[in-house]
Amino acid sequence: MSLDAWLDNLNVPQRKAVTAPLGNALILAGAGSGKTRVLVSRIAWLVRHHNISPHAILAVTFTNKAAGEMRERLTEMLESPAQGLWVGTFHGLCHRLLRRHFQEANLPEQFHILDSDDQLRMIKRVISALNLDTEQWPAKQAQAFINNKKDEGLRAAHVHVMSYGPGRTLLQIYSAYEQACQTAGAIDFAEILLRTHEMLRQNEALLAHYQKRFNMILVDEFQDTNTIQYAWIRLLSGGGASVMAVGDDDQSIYGWRGAKVENIERFSRDFKNTQTIRLEQNYRSTATILNAANALIANNKNRMGKELWTAGSEGEKIALYKAFNELEEARFISDEITKALKQGKPADEMAILYRSNAQSRVLEEALLRAGTPYRIHGGVRYFERAEVKDTLAYLRLLSNTGDDTAFERIINLPTRGIGGKTLDEMRSIARANDTSLWEAMTQCIESKHFTARAANALCNFRDLISELKGSVANLNLEEQVKIVINESGLHAHFSKNKDDKGMARIENLQELVSAARQFRFDYDGMDDEEMPVLLSFLGHAALESGDTQASEEESSVNLMTLHAAKGLEFSRVFVVGMEDGLFPSRRSIEEPSRLEEERRLCYVGMTRAKEQLVLTYAEVRRQYGREEYHRPSRFLAEIPGEHLQAVRGSVRSHSHAPATSFNSQHESGFTLGQAVSHVKFGPGIVLDIEGTGAHARIQVNFAQSGTKWLVIAYANLSSVESV
DNA sequence: CCCAAGGTATTTTTT
DNA sequence: ATACCTTGGG
């Protein structure tokens, strides 16, 4: 298809964005408004119409998936891969810059990336090296502190804390951690960005080079950028590049991770002559769903302002289901899904979204019992699995004996009689002599520092590594992986456990061989110039979660957190656990800004649905081993009643409902979720009941008139039979 | 070195 | 309820 034909398929604001004159632009792209399409078309437009070389374009995303999608669709549109175009995640692109310019970045050539697990181990080591009480100074807390600061662009030296209190010690840990990483040649995720930013800021020539190169910068999901990412874009575009920022302030759900929604507002101020374009036409959901979502999000203050609309049909009402408890909630959903499957609806077009992972269990059990295929998104990612990381640690140590992180990981895996005492000793020797652990070990062996038993174990380890080095030399990546798995003893070690978990581990190791083969294949076509294949593979393992490759054959119902659902869409969406204290989360209710983020999360969840949206909540829920009573989510009261319809589950024997003994009826005779009718306000759904006797009040979400509190004694409500 | 017992926390997690 | 981690004894 020609580019002009592509343009004809765009709506007016989309076309305006795609064909915007060079210069800065802010695209406020609502959910389902064709954002990726605009981004890709924009690049094609620049290349074709402005004759801008792909070489001069930089497109930044947050996830590898988004980057891959963009690259793919661009190739499709341009009918050839865009040579020289940089498309990638913030981390991926910065990693590339650091590899290219490791010297300017003050890094060793063989620097390696710490994932959050590696980082935590490193911090633990630092804390004990500082002789701090590990009870009083949890590594997790220090990790959060360090990452927060780094996301803000702050080094330990830049952080100001009070001279007393916990800040001082955390800062001490941060500082020691910085040193430990530098010595080990290791950088964590946040450091990738921070280091790149510093490198560019401190190297005029380098900065000038990239500023000159990248005339066009496009940033996706701009609402998710943190301080350092924003600064990086500003720095890189400082030479006069045009920046197109695409985002949606209403879908900012990662504030707790350092993302700054304010960056969207700041953009127009910091980037000169910014043209703002709103994409408000939605191509995904029914009018009912959009109107409900619009009404909900309107309760947030400080929005950029945006209202989704559709040319499509009104669609079905949003179903609201009140369950006795979480088991019954799960059964209802499972039943609904079974019904839909019988009608021929594809399983993978349905999704169950929940606020917290713990909620997935009962849902899974219900689906399992019904024999419904399902898939849980999230959880431990492939390259984060312990056995995979163990194998990679061997590879790392083989290529660089100075890699202490790898050394620590496998020194006693499989167990070979090297205990904590021996290791501690080597650690302090390494620290005293400022050498790697490997060198410290070699020294210890030569100087007969240890008892015969320990020395013997260390010798075995040293010999194993050098033997492996020998057998691996001159082999391709995939064979190297195979050799390491087998000759390191890892295979034997994991084979000992014959249970499901053990079997899964062995499978994962085999999968790693395939991943290496695939990578070797992809590597040949990559323009990641002059990076050795192993190093490149390790970078790939650190920055790619690896969940893109594992796609199951059978069409399955999707289970995931609301966060994980961002960017996806399904015909039928169930949002479960709509209860105050769960969603919105108990920990967010107090603070207005956090509550607003929860509301945005709800907005994201609702706008995932194309045709049908089902909201459910339970009156009582087993949580942390206790039965907890929750009110229906306040978000339910924010959805105009006209879009809601209370539903009942399919008729079933009462013996199946464990909560029959539970009297859910209020003394007034009304129950939550019940459909009622008012003389003046019309039909509605009971959301809450408070008080007793003559003063008892009832909250009803009326179809036409919205949510109201009424005194039961005067309201004269009548009960209505609903679907 | 391995295992069992007890203590603790328990929202979300693009990289 | 539960999973995860630390710690103490065999």
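Basis for what follows: all heavy atoms, side chains included, without hydrogens, waters or symmetry-related copies. Every chain is numbered from 1, with letters handed out A, B, ... down the list of sequences.
Near DNA chain B, meaning a heavy atom under 4.0 Å away, the residues from residues 353-360 of chain A are A:R355, A:S356, A:N357. Listed by residue number, A:D224 are the residues of residues 221-235 of chain A with a heavy-atom contact under 4.0 Å to DNA chain B.
For A:R599, the salt bridge (charged side-chain N to carboxylate O under 4.0 Å, His left out) partners at least two apart in sequence or on another chain are A:E638. Among residues two or more places apart in sequence or in another chain, the side chain to side chain contact (heavy atoms under 4.5 Å, CB included) test is passed with A:R416 by A:Y394, A:N412, A:P414, A:I418, A:F461, A:L464. Residues meeting the ring-ring contact (aromatic ring centres under 6.0 Å, His included) test with A:F62, sequence neighbours left out: A:F90. Under the salt bridge (charged side-chain N to carboxylate O under 4.0 Å, His left out) criterion, A:R631 pairs with A:D688, A:E690, sequence neighbours left out. Every residue two or more places apart in sequence or in another chain that forms a salt bridge (charged side-chain N to carboxylate O under 4.0 Å, His left out) with A:D250 is listed here: A:R303, A:K306. Under the rule for a side chain to side chain contact (heavy atoms under 4.5 Å, CB included), the partners of A:D133 that lie at least two apart in sequence or sit in another chain are A:E135, A:Q136. Under the salt bridge (charged side-chain N to carboxylate O under 4.0 Å, His left out) criterion, A:K260 pairs with A:E152, not counting sequence neighbours.
Between A:R266 and A:E262, none of the side-chain N atoms (NZ, or NE/NH1/NH2) sits under 4.0 Å from a carboxylate O, so this pair counts as no salt bridge.
In this model, the phosphate group of B:dT12 is not approached by any side-chain N or O of A:S585 to a distance below 4.0 Å at OP1 or OP2.
A:R284 and A:A31 make their closest contact through NH1-CB, 4.0 Å (heavy atoms, listed as atom of the first residue, atom of the second, distance).
Comparing C:dC5 with B:dT12, their P atoms are spaced 16 Å from each other, to the whole Å. Taking atom P on both C:dC4 and B:dT13, the two are 15 Å apart, rounded to the nearest angstrom.
Here A:F90 lies out of heavy-atom contact (under 4.0 Å) with every strand.
Summarising the geometry, the separation between CD1 on A:I113 and C1' on B:dT15 is reported as 9 Å, rounded to the nearest angstrom. A:L98 has its CG atom 14 Å from the C1' atom of B:dT15, to the nearest Å. Regarding A:E384, its CD atom lies at a distance of 9 Å from the P atom of B:dT15, rounded to whole Å. Distance, A:L595 CG to B:dT12 P: 18 Å, rounded to whole Å. In this structure, the CD1 atom of A:I192 is 7 Å from the C1' atom of B:dT15, given to the nearest Å. Taking atom CG of residue A:L120 and atom P of nucleotide B:dT15, one finds them 19 Å apart after rounding to whole Å. Computed from coordinates, the A:H540 NE2 to B:dT15 P distance equals 12 Å when rounded to whole Å. One atom, CD1 of A:I187, and another, P of B:dT15, lie 16 Å apart when rounded to the nearest Å.
Aromatic ring orientation, A:W256 versus A:Y254: tilted (interplanar angle from 30° to 60°). Under the 30°/60° scheme for interplanar angles, the aromatic rings of A:F145 and A:Y174 are found to stand perpendicular.
Set against B:dT13, B:dT15, B:dT11, the side chain of A:T63 has B:dT15 as its closest nucleotide. With B:dT13, B:dT11, B:dT15 as the choices, the nucleotide that has an atom nearest any side-chain atom of A:E598 turns out to be B:dT11. The side chain of A:A564 sits closest to B:dT13 out of B:dT11, B:dT13, B:dT15. Between B:dT15, B:dT11, B:dT13, one nucleotide has an atom nearer to the side chain of A:R587 than all others, and that is B:dT11.
The nearest heavy atom of DNA chain B to A:F189 and to A:S588 marks one nucleotide each, and the one closer to the 5' end goes with A:S588.
Cation-pi check for A:R99 over A:F111 is met; the charged atom lies under 6.0 angstrom from the ring centroid and within 45 degrees of its normal.
Protein chain A contacts DNA chain C from C:dA1 to C:dA3, reading 5' to 3' and using non-hydrogen atoms of the protein with a distance under 4.0 Å.
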### Task
Assess whether ring pair (Phe, Tyr, Trp, His ring centres under 6.0 Å) is satisfied between A:Y210 and A:H101, documenting all intermediate values.
CA-CA 12 Å; A:Y210 285 104; A:H101 310 291; 5.6 Å; yes
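You'll find a donor-acceptor pair under 3.5 Å spanning the side chain of A:R257 and the base of B:dT15, going by distance alone.
The stacking criteria are not both satisfied for A:Y254 over the base of B:dT12, which would need a centre-to-centre distance under 5.5 angstrom and an angle between ring planes under 30 degrees.
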Name the atoms and distances for all side-chain donor-acceptor pairs under 3.5 Å in residues 580-588 of chain A, with sequence neighbours left out.
{"residue": "A:D580", "atom": "OD1", "partner": "A:R634", "partner atom": "N", "Å": "2.7"}
{"residue": "A:D580", "atom": "OD1", "partner": "A:R634", "partner atom": "NE", "Å": "3.4"}
{"residue": "A:D580", "atom": "OD2", "partner": "A:R634", "partner atom": "NE", "Å": "3.0"}
{"residue": "A:D580", "atom": "OD2", "partner": "A:R634", "partner atom": "NH2", "Å": "2.8"}
{"residue": "A:S585", "atom": "OG", "partner": "A:R587", "partner atom": "N", "Å": "3.1"}
{"residue": "A:S588", "atom": "OG", "partner": "A:E598", "partner atom": "OE2", "Å": "3.1"}

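Side-chain contact, A:Q251 with A:Y603: no donor N or O sits under 3.5 Å from an acceptor N or O.
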Could you go through nucleotides 1-3 of chain B and list every protein N or O atom that sits under 3.5 Å from one of its N or O atoms, giving the distance for each pair?
{"residue": "B:dC1", "atom": "OP1", "partner": "A:N412", "partner atom": "ND2", "Å": "2.9"}

